Q: 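Have a look at the structure that comes next, please.
Both backbone and side-chain heavy atoms feed into the values below; hydrogens, waters and symmetry mates do not. Owing to the predicted nature of the structure, the values given are computational and were not obtained by experimental measurement.
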Amino acid sequence: MSDDIRVRIAPSPSGNLHIGTARTALFNYLYAKKMNGTFVLRIEDTDAERTKQEYIDNIFDSLKALGLNWDEGPDVGGEYGPYTQSERFDIYPKYAQMLLDKGYAYECWCTNEELEQEKEEAVKNKQAYVYSRKCLNITKEQREQYIKEGRKPAIRFKVEHKELVFNDMVKGELKFDTSLIGDFVIMKSNGTPTYNFAVVIDDMLMKISHIIRGEDHISNTPKQILIYEALGAKVPEFGHLGMILAPDRSKLSKRHGATAVSDFVKEGYLTDALINFVALLGWAPSDGQEIKTVDEIAQDFRIHEISSSNSIFEYDKLNWMNGQYIKKMDIKKLTDMIIPFLSKYDLSELSREKLERMVLITREPLTVLKDIEDDVPYFFGKNVPLDEVKELLSSELSKNVLTKFLELVNGWETDGNGDFTDEEKIHNDLADLRADFKEKFGYKPKETMWAIRAAITGRTRGADMVGILMILGKDKVLLRTKNAQKITLGV
RNA sequence: AGCGGUAUCGUCUAGUGGUUAGGACGGGAGAUUCUCAUUCUCCAAACAGGGGUUCAAUUCCCCUUACCGCCGCCA
């Protein structure tokens, strides 16, 4: 593992892992993988009020489920810990003091009210607000006075006025006039660091070499670079990713549906599909093959080729992709994943083997695992409601088909459990039946099958008919056929 | 308001100083299958606008427009 390339994802546990954060994590992970570097997870839980343990757990679980495993982090440790920001509170004041001593920072005794006033003034004059530097050169006496009043100072970084340029890995050259920034707070009056200060100290101490994050951080970057420089530290490389937007071009938020990875999983999206889809937002495979594992993507990944524009999160393509993964997934794994979505059925009715077969023949139309719930009721229970197919079953055609079908069923062999044993015969008999009735009565093959399907499932659409018969077994098939015949025969 | 960013089919994107501007999702048409769905084939669909530079701009430069982000003692 190369020691020079170190990237990180630093989520703040004030909510479940957001899909946007997941994408940022992915690009960091990909870069680390591709460059043989180290991927670090740091939890930025400075905001005690919004931080919850359940969110921390959710972040861990989601990242793991997505396959974005970290090399260093709160749980696995590492050389540069602790990796939880709240456990690092004692280290920030030291660096703040260092900046104070060197004259890169100064105490600010302004009250919120004073600051508020400055801002209002600026708004009134249609000026961009920059701190007045009123506390830059206060006298010893004033300071004593403030202390006596019980005021606690914040520490502000003294921003040097200059043109600051850096080369962003995805955006290219970015220029800023730092005189527009204003001296910003690095330590709050309550003794805790601000975000901009804490990230720099943490990234510096954790030897993060490349910072890949959302473009909402672009305007933080000059501030952070200034701090690195004042500290005499090596400035890392930056890469700013475009944002993920909702279809209405606003920020992806709860009102658009799922935003957390775990929400998507609850709806039945596969994490493999999710991460694959999200990779395609900004990145394109060189071979045109879009369905790829994270490891395959990593091989093909070049950070400079990431699109620098925002991209819209379109469910259509995600749905398609999820369907692709569902169709290709190992059937045992898929069955395991689907079981939670079948809670309204009594799964003990089916053996594991039958359950897997049911999944096998019902997986095709699924876009999301949750969809299966409505597609499988007829695999459970003895009988099925026929209300939806009453009309269809009332036809002469159905009568003829079911009469013949019943005859066939009675001829099919079963084992001790009442399950059919000769699948091939069933398959062939049904094929013959279709051919036969087509010839004799001119029934279309699908019409013949509709009658049988209606009788057995109560529906006109569904899974492979032979498979259904194999799963249900003779007793249920007989029962349901006879039941349907009450309609066809007008009993 | 200021500062920064972005601009190729509806969406995600490929691509180039000279191309029939390519693919994927979605849409439309058709074929296959016992239905639905799959799968396959075909079709429609884009270089935001205006100036330059150039023999030639979708591509390079500038402006406009639109959209996004940031302007906290939040992260």
Side-chain angles (χ1 to χ4, degrees), chain A residues 10-14 44-47 49-51 85 108 110-112 115 119 122-123 125-130 152-156 168 170-172 174-177 180-182 184-199 214-222 240 242-243 245 247 249-251 277 280-291 305 307-321 323-324 327 362-367 375 427 430-431 433-434 444-454 457 459-466:
Chain A
S12 117
S14 52
E44 303 207 332
D45 59 345
T46 316
D47 189 341
E49 280 181 24
R50 287 194 288 168
T51 293
Q85 210 164 49
C108 174
C110 292
T111 61
N112 279 333
L115 263 14
K119 273 176 216 172
V123 172
N125 300 334
K126 291 198 168 174
Q127 295 275 304
Y129 168 71
V130 269
K152 296 258 188 273
I155 299 174
R156 279 185 191 272
D168 190 277
V170 346
K171 301 275 186 192
L174 261 24
K175 283 185 196 166
F176 296 87
D177 177 357
L180 268 22
I181 294 177
F184 55 93
V185 172
I186 55 175
M187 291 294 286
K188 304 178 205 173
S189 51
N190 68 5
T192 61
T194 60
Y195 166 75
N196 275 312
F197 190 53
V199 249
E215 72 174 30
D216 48 339
H217 285 286
I218 286 183
S219 26
N220 286 326
T221 310
H240 289 96
M243 315 292 300
L245 270 24
R249 292 180 186 279
S250 67
K251 233 184 210 172
F277 171 72
L280 259 20
L281 265 26
W283 174 85
S286 59
D287 63 358
Q289 176 56 48
E290 294 189 319
I291 300 213
E305 289 175 6
S307 159
S308 56
S309 51
N310 293 341
S311 40
I312 291 174
F313 193 96
E314 274 285 349
Y315 278 82
D316 280 338
K317 188 151 185 176
L318 205 214
N319 287 338
W320 167 78
M321 188 165 274
Q324 294 296 308
K327 280 186 254 302
T362 52
R363 87 212 284 198
E364 208 158 70
L366 303 180
T367 63
D375 291 346
H427 184 270
L430 289 181
L433 178 67
R434 288 192 291 270
K444 289 182 191 153
K446 64 177 174 185
E447 289 176 322
T448 302
M449 294 306 284
W450 265 333
I452 297 173
R453 185 177 294 280
T457 71
R459 301 179 165 202
T460 53
R461 5 189 300 203
D464 170 66
M465 206 51 231
V466 176

Q: Give none if B:C25 has no partner; otherwise give the nucleotide forming a Watson-Crick or G-U wobble pair with it, both distances under 3.5 Å.
A: B:G10
Q: CZ of A:F313 versus P of B:G26: gap in Å, rounded?
A: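 Result: 15 Å.
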Q: Which of the following nucleotides, B:A75, B:U6, B:A37, is nearest to the side chain of A:Y195?
A: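 Of all the options, the side chain of A:Y195 is nearest to B:A75.
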Q: If I pick the P atom on B:C70 and the same atom on B:G30, what distance separates them, to the nearest angstrom?
A: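 To the nearest whole Å, 48 Å.
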Q: Check for a donor-acceptor pair, side chain of A:T367 on one end and backbone N or O of A:N319 on the other, with a separation under 3.5 Å.
A: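 Pair absent, no side-chain N/O of A:T367 close to backbone of A:N319.
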Q: Would you mind reading off the distance between A:R461 atom CZ and B:U38 atom C1', rounded to a whole angstrom?
A: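 Distance, rounded to whole Å: 14 Å.
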Q: Using the P atom as the point on both nucleotides, what is the distance between B:A66 and B:G72, in whole Å?
A: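 Rounded to whole Å, the distance is 25 Å.
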Q: Between A:K152 and A:T460, just flag the one whose closest nucleotide in RNA chain B comes earlier from the 5' side.
A: A:T460
Q: Taking the P atom in each of B:A21 and B:C43, what is the distance between them to the nearest angstrom?
A: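 Comparing P positions in B:A21 and B:C43 gives a spacing of 15 Å.
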Q: Between B:U16 and B:U33, how far apart are the P atoms? Round to whole Å, please.
A: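 Each nucleotide's P atom is 45 Å from the other's.
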Q: Which pair of non-hydrogen atoms, one from A:I218 and one from A:H240, has the smallest distance, and what is that distance?
A: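 Looking at all heavy atoms of both residues, the shortest contact is CG1-CG, 3.6 Å.
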Q: Is the gap between the ring centers of A:F184 and A:F197 under 6.0 Å?
A: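 Ring centroids of A:F184 and A:F197 are no less than 6.0 Å from each other.
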Q: List the atom of A:W320, the atom of A:I291, and the distance in Å for their closest heavy-atom pair.
A: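 The answer is CH2-CD1, 4.1 Å.
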Q: Taking atom C1' of B:U13 as reference, at what distance in whole Å does atom CD of A:Q289 sit?
A: 15 Å
Q: With both distances kept under 3.5 Å, what pairs with B:U19, Watson-Crick or G-U wobble?
A: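 Paired with B:U19, as far as the under-3.5 Å criterion goes, is no nucleotide at all.
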Q: Let's see if you can work this out: which of B:U35, B:C25, B:A75 has an atom nearest to the side-chain heavy atoms of A:D316?
A: B:C25
Q: With side chains defined as the heavy atoms from C-beta onward, is the minimum distance between A:K317 and A:E290 less than 4.5 Å?
A: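 Yes; the side chains approach each other to less than 4.5 Å.
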Q: Scan side-chain atoms only and decide if A:T192 and A:N190 contain a donor-acceptor pair under the 3.5 Å cut-off.
A: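 There is such a pair (donor and acceptor under 3.5 Å, judged by atom type) between the side chains of A:T192 and A:N190.
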Q: Is the shortest side-chain N/O distance from A:R453 to OP1 or OP2 of B:C34 below 4.0 Å?
A: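 Checking A:R453 against B:C34: no side-chain N or O falls below 4.0 Å of OP1 or OP2.
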Q: When you compare B:C12 with B:C71, how far apart are their P atoms, in angstrom units rounded to a whole number?
A: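 Comparing P positions in B:C12 and B:C71 gives a spacing of 25 Å.
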Q: State, yes or no, whether a side-chain contact exists between A:V466 and A:L430 at a heavy-atom distance under 4.5 Å.
A: yes
Q: Across all strands shown, which nucleotide pairs with B:C67 by Watson-Crick or G-U wobble geometry, both distances under 3.5 Å?
A: B:G5
Q: Does B:C36 have a Watson-Crick or wobble partner in any strand here, with both distances under 3.5 angstrom, and which is it?
A: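 Check on B:C36: unpaired, no WC or wobble geometry under 3.5 Å.
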Q: Using a 6.0 Å cut-off, check whether atom NZ of A:K444 has over 12 heavy atoms from anything other than its own residue.
A: no
Q: Is B:C74 paired to anything, Watson-Crick or G-U wobble with both distances less than 3.5 Å, and if yes, which nucleotide?
A: none
Q: Roughly how far apart, to the nearest Å, are B:C40 and B:G23 at atom P?
A: 15 Å
Q: Using purine N1 to pyrimidine N3 plus N6-O4 or O6-N4 for Watson-Crick, or N1-O2 and O6-N3 for G-U wobble, both under 3.5 Å, which nucleotide pairs with B:U54?
A: none
Q: Write down the distance between NZ (A:K446) and P (B:A31), rounded to a whole number of angstrom.
A: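 Value for this atom pair: 11 Å.
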Q: If the condition is salt bridge (charged side-chain N to carboxylate O under 4.0 Å, His left out), which residues does A:E44 pass it with, not counting sequence neighbours?
A: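 A:R42.
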Q: Find the distance A:L174:CG to B:G4:P and express it as a whole number of Å.
A: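 Taking CG of A:L174 and P of B:G4, I get 9 Å after rounding.
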Q: Taking CG from A:L430 and P from B:U33, how many angstroms apart are they, rounded to a whole number?
A: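 Taking atom P of B:U33 as the reference, CG of A:L430 is at 16 Å.
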Q: So, is A:K317 near the phosphate of B:G23, with a side-chain N or O under 4.0 Å from OP1 or OP2?
A: no
Q: Taking all atoms of both residues into account, what is the closest heavy-atom pair of A:L281 and A:F313, and its distance?
A: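 Closest pair (atom of A:L281, atom of A:F313, distance): CD2-CD1, 4.1 Å.
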Q: Restricting both atoms to N or O, compile the protein contacts to nucleotides 43-47 of chain B shorter than 3.5 Å, with distance only.
A:
none

Q: Would you measure the distance from the C1' atom in B:C61 across to the matching atom in B:G22 and give it in whole Å?
A: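 That atom pair is separated by 28 Å.
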Q: Tell me: CE of A:M187 to C1' of B:A75, nearest whole Å?
A: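 To the nearest whole Å, that distance equals 16 Å.
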Q: Please list, chain by chain and in numerical order, all residues satisfying side chain to side chain donor-acceptor pair (under 3.5 Å) with A:E215, sequence neighbours excluded.
A: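 If we apply the side chain to side chain donor-acceptor pair (under 3.5 Å) test to A:E215, skipping adjacent residues, the hits are A:K171.
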Q: Can you confirm whether A:I181 sits close enough to A:F176 that some side-chain heavy atom of one is under 4.5 Å from a side-chain heavy atom of the other?
A: no
Q: Return yes if the base of B:C25 and the side-chain atoms of A:N319 contain a donor-acceptor N/O pair under 3.5 Å, otherwise no.
A: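 Counting by modelled atom types and ignoring angles, no donor-acceptor contact under 3.5 Å is found here.
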Q: Counting only side-chain nitrogens and oxygens, does A:S311 get under 4.0 Å of the OP1 or OP2 atom of B:U13?
A: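 So the side chain of A:S311 is within the cut-off, an N or O lying under 4.0 Å from OP1 or OP2 of B:U13.
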Q: When the P atoms of B:U13 and B:U6 are compared, how many Å lie between them, rounded to an integer?
A: 14 Å
Q: Name the closest nucleotide to the A:K188 side chain, picking from B:U35, B:C25, B:C74.
A: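 Of the candidates, B:C74 comes closest.
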Q: Can you tell me which nucleotide in B:U11, B:C34, B:G5 comes closest to the side chain of A:M449?
A: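 Among the listed nucleotides, the one closest to the side chain of A:M449 is B:C34.
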Q: Is the base of B:C73 touched by the side chain of A:S189 through a donor-acceptor pair closer than 3.5 angstrom?
A: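 Per atom types, the contact qualifies.
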Q: Using heavy atoms to find the nearest nucleotide of RNA chain B for A:H427 and A:L281 separately, return the residue whose nucleotide is more 5′.
A: A:L281
Q: Check every atom of B:C34, B:A75, B:G69 against the side chain of A:D216 and return the nucleotide holding the closest atom.
A: B:G69
Q: Output the single nucleotide from B:A24, B:C3, B:U35 whose closest atom is nearest the side chain of A:E290.
A: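 When the side chain of A:E290 is considered, B:A24 is the closest of B:A24, B:C3, B:U35.
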Q: Nearest to the side chain of A:E314, heavy atoms from C-beta on, is which of B:C34, B:U11, B:G72?
A: B:U11
Q: Could you list the protein-to-nucleotides 66-68 of chain B atom pairs, N/O on both sides, closer than 3.5 Å?
A:
from  : atom 1 : to     : atom 2 : distance (Å)
B:C68 : O2'    : A:N310 : ND2    : 2.9

Q: Could you please name the option among B:C36, B:C34, B:C73 that lies closest to any side-chain atom of A:T194?
A: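 Among the listed nucleotides, the one closest to the side chain of A:T194 is B:C73.
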Q: Set out, line by line, the N/O atom pairs under 3.5 Å between protein and nucleotides 39-41 of chain B.
A:
from  : atom 1 : to     : atom 2 : distance (Å)
B:U39 : OP1    : A:Q324 : NE2    : 3.1

Q: Go through B:C12, B:C73, B:A37 for me and flag the one nearest to the A:L280 side chain.
A: B:C12
Q: Heavy atoms only: give me the nearest A:R434-A:M449 pair and the separation to one decimal.
A: NH1-SD, 3.2 Å
Q: Looking only at non-hydrogen atoms, find the nearest pair between A:P247 and A:I312 and report the distance.
A: CA-CG2, 3.5 Å
Q: Could you pull out all residues at least two apart from A:D316 that satisfy side chain to side chain donor-acceptor pair (under 3.5 Å)?
A: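 By the side chain to side chain donor-acceptor pair (under 3.5 Å) rule, A:D316 matches no residue at all.
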Q: Rounding to an integer number of Å, can you tell me how far A:R434 CZ sits from B:U33 P?
A: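 It is 10 Å, rounded to the nearest whole Å.
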Q: Nearest to the side chain of A:R50, which nucleotide is it out of B:C74, B:C73, B:C34?
A: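 Given the options B:C74, B:C73, B:C34, the side chain of A:R50 is closest to B:C74.
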